[in-house]
Amino acid sequence: MQNHAPAQRFPKRVSRKLQPHPDVLLCIREASRAAHRERDAAAEAYNEGRHTLAGNAKQRKNQWYALKDRGVVAANKQGLVRYIGASPQGIAVYEYGEGGMCCFHSTLHPAGAERTLVEGHPKNSPR
């Protein structure tokens, strides 16, 4: 009888530390787009009477928005975005890009920041 070492069928898993994506603004935009898709999916499912599916989509939407808010906080700390005030709905507005031409909305306002109304902001327009 030969004594063989047991053959390894699967390689050992190598644990590696996850690194954050280098483009925080891209990640925030993608999280925002995913949240909007889930928001729309939840509304459609609810209107069709598929309430379980609507609830699941709403849960995913909330997770995407929470991730987006974490990204906005990180971008604000890194100086990639600048808090400029609040929309009429009370949502925080952060601008970025050439001349502040782009913006993110967040439920999180910086601690102690004055919530001034952002003039000329698209969210100020009556619908």
Side-chain angles (χ1 to χ4, degrees):
M1 180 170 204
Q2 293 180 351
N3 191 3
H4 292 288
Q8 264 191 317
R9 295 175 61 190
F10 302 103
K12 287 187 177 181
R13 287 187 182 198
V14 177
S15 64
R16 58 183 183 151
K17 186 176 179 184
L18 295 176
Q19 297 295 319
H21 193 279
D23 191 345
V24 176
L25 297 178
L26 173 69
C27 293
I28 296 168
R29 281 192 299 272
E30 291 304 315
S32 183
R33 290 178 64 215
H36 291 144
R37 280 193 302 272
E38 294 297 344
R39 177 199 62 198
D40 296 343
E44 184 178 340
Y46 184 82
N47 290 336
E48 293 173 356
R50 300 182 311 179
H51 300 291
T52 300
L53 187 62
N56 292 340
K58 181 180 177 183
Q59 210 170 31
R60 288 189 304 271
K61 173 199 75 166
N62 290 338
Q63 290 170 341
W64 280 114
Y65 275 133
L67 184 61
K68 176 188 169 188
D69 282 342
R70 287 174 44 202
V72 169
V73 168
N76 192 40
K77 286 181 180 177
Q78 293 176 21
L80 299 173
V81 297
R82 184 176 71 89
Y83 177 76
I84 59 172
S87 71
Q89 298 84 9
I91 301 295
V93 180
Y94 294 85
E95 70 177 8
Y96 67 98
E98 278 296 308
M101 294 300 295
C102 302
C103 67
F104 290 124
H105 299 102
S106 175
T107 57
L108 303 175
H109 296 265
E114 186 175 334
R115 296 183 184 193
T116 57
L117 182 65
V118 178
E119 295 296 327
H121 190 270
K123 294 271 183 184
N124 292 351
S125 308
R127 294 182 185 201

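Bear in mind the structure is a predicted one, so any value in this text is a computation, not a measurement.
- Although no hydrogens or angles enter the test, the distance criterion places no donor-acceptor pair under 3.5 Å between the side chain of Asn76 and the main chain of Val72.
- Here CG of Asn56 is found 9.5 Å from CD of Glu38. Values are rounded to the nearest 0.5 Å.
- Looking at His109 and Arg115, their side chains come closer than 4.5 Å, going by heavy atoms from C-beta outward.
- Looking at Lys68, its side chain does come within 3.5 Å of a backbone N or O of His105 through a donor-acceptor pair.
- The two residues Ala54 and Ala42 come nearest to each other via the heavy atoms CB-O, 3.5 Å.
- Arg39 contributes atom CZ, which lies 8.5 Å from atom OG of Ser32 (distance to the nearest 0.5 angstrom).
- Looking only at atom types and distance, the side chain of Glu114 has no donor-acceptor partner in the side chain of Thr116 under 3.5 Å away.
- The CG atom of Asp40 sits 10.5 Å away from the NZ atom of Lys61 when rounded to the nearest 0.5 Å.
- Cluster membership for Tyr83 and Leu80, using ILVMFWY side-chain heavy atoms within less than 4.5 angstrom, is shared.
- Side-chain atoms of Gln59 and Trp64, non-hydrogen and from C-beta on, never get closer than 4.5 Å to each other.
- For the side chain to side chain contact (heavy atoms under 4.5 Å, CB included) test with Gln78, the passing option among Leu25, Val24, Val73 is Val24; the others fail.
- Residues Asp69 and Ser106 share a closest heavy-atom pair of OD1-OG, 2.7 Å.
- Between Leu117 and Pro88, the closest side-chain pair of non-hydrogen atoms falls below 4.5 Å.
- Minimum interatomic distance between Ser87 and Val93 (heavy atoms only, all atoms of both residues): N-CG2, 3.9 Å.
- Here the side chains of Ile84 and Arg82 are in contact, with some heavy-atom distance below 4.5 Å.
- Under the ring pair (Phe, Tyr, Trp, His ring centres under 6.0 Å) test applied with Phe104, the options Tyr94, Tyr96, Tyr65 reduce to a single match, Tyr96.
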Apply side-chain contact (heavy atoms from CB on, under 4.5 Å) to the pair Asn62 and Lys58, showing each step before the final yes or no.
CA-CA 6 Å; Asn62 290 338; Lys58 181 180 177 183; 4.1 Å; yes
